[in-house]
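Single-structure report; data block below.
Model, not experiment: these values are computed from the prediction.
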Amino acid sequence: MAITDDLRKTLTDATPLYALAGTADLAAEKLGEVPALVEKIRIEAPKRFEAVRGTDPKDVQDRFTKQAKDAQDKLTELLGSLDTDLKKIREQAQDLALQGVGRAAEYAVKARETYDELAERGRGAVQSWRGEAADQVEELAVVIEPEPVVTPPAGSGANAKPAAVKKPAPRKPAAKKPTPPTAE
């Protein structure tokens, strides 16, 4: 029975779909920023190209040589200061492994927080999309529905009152279904 309940819960949980909708919404928002970024790059590119053209190759070579020498000195210093004691190396390896586990746990927590944020954003986006869709359907229904035609009853004279016309009540958006709670 537990497997059935787990499957039912997994298949009815909308959180992954909300996370996907949130990701799509975030991507659409970020894509809106691309034209401004492209324009900025287009404006700045000639200045940067000119700066590269104006740079003396000798200066670049000297700077690169200096950085390579500094890196070589640091590596020589590091290799000279390595402790050859195996016990200390083993302890350092254990410490690094524990730090790695700690970082992995930290990244897992951050990933879960990001997932939850995207799911919440997706819920809002879906609610917004549903609301907008309901409004559009209602507007479309009003445009499509013809105006009722009033016809006087047969045999009535000029003094007869026209029959009352009953207009259909405007449609209300469907009630929103509550989302099932997510288990954490």
> Taking Ser128 for the side chain and Gly124 for the main chain, is one N or O donor matched with an acceptor at less than 3.5 Å?
Replying inline: no
>> Walk me through whether Val126 and Arg130 qualify under side chain to side chain contact (heavy atoms under 4.5 Å, CB included).
In response: CA-CA 6 Å; Val126 168; Arg130 284 181 179 168; 3.7 Å; yes
>> Suppose the criterion is salt bridge (Lys or Arg N to Asp or Glu O under 4.0 Å): which pairs have a residue in residues 39-49, not counting sequence neighbours?
In response: Glu39-Arg42, Glu44-Arg48
>> Strictly by salt bridge (Lys or Arg N to Asp or Glu O under 4.0 Å), give each pair with a member in residues 99-111 just once, sequence neighbours left out.
In response: Glu106-Lys110
Mind checking side chain to side chain contact (heavy atoms under 4.5 Å, CB included) for [X] and listing every partner two or more places apart, or none if nothing turns up?
X: Val38; result: Val34
X: Phe49; result: Ala45, Arg53
X: Lys74; result: none
X: Asp56; result: Lys58, Asp59

Specify the closest pair of heavy atoms between [X] and [Y], including all atoms of both residues, with the distance to one decimal.
X: Ala19; Y: Tyr115; answer: CB-CE1, 3.6 Å
X: Pro16; Y: Asp13; answer: CD-O, 3.6 Å
X: Ala119; Y: Tyr18; answer: O-CB, 3.4 Å

>> Looking at Glu91 and Lys88, is there a salt bridge between them, counting it only when a charged N and a carboxylate O are closer than 4.0 Å?
In response: no
> Apart from Leu118 itself, what residues make up its hydrophobic cluster, given side-chain heavy atom links below 4.5 Å?
Replying inline: Leu26
> Which hydrophobic side chains are connected to Leu37, either touching it within the sub-4.5 Å cutoff or through other members that do?
Replying inline: Ile41
>> If the condition is salt bridge (Lys or Arg N to Asp or Glu O under 4.0 Å), which residues does Glu113 pass it with, not counting sequence neighbours?
In response: none
>> If the condition is salt bridge (Lys or Arg N to Asp or Glu O under 4.0 Å), which residues does Glu117 pass it with, not counting sequence neighbours?
In response: none
>> Listing request: all side-chain hydrogen bond (donor to acceptor under 3.5 Å, both in side chains) pairs with a residue in residues 24-38, at least two apart in sequence or in separate chains.
In response: Asp25-Arg121, Glu29-Arg121
> Among all residues two or more places apart in sequence or in another chain, which pass the side-chain hydrogen bond (donor to acceptor under 3.5 Å, both in side chains) test with Gln99?
Replying inline: none
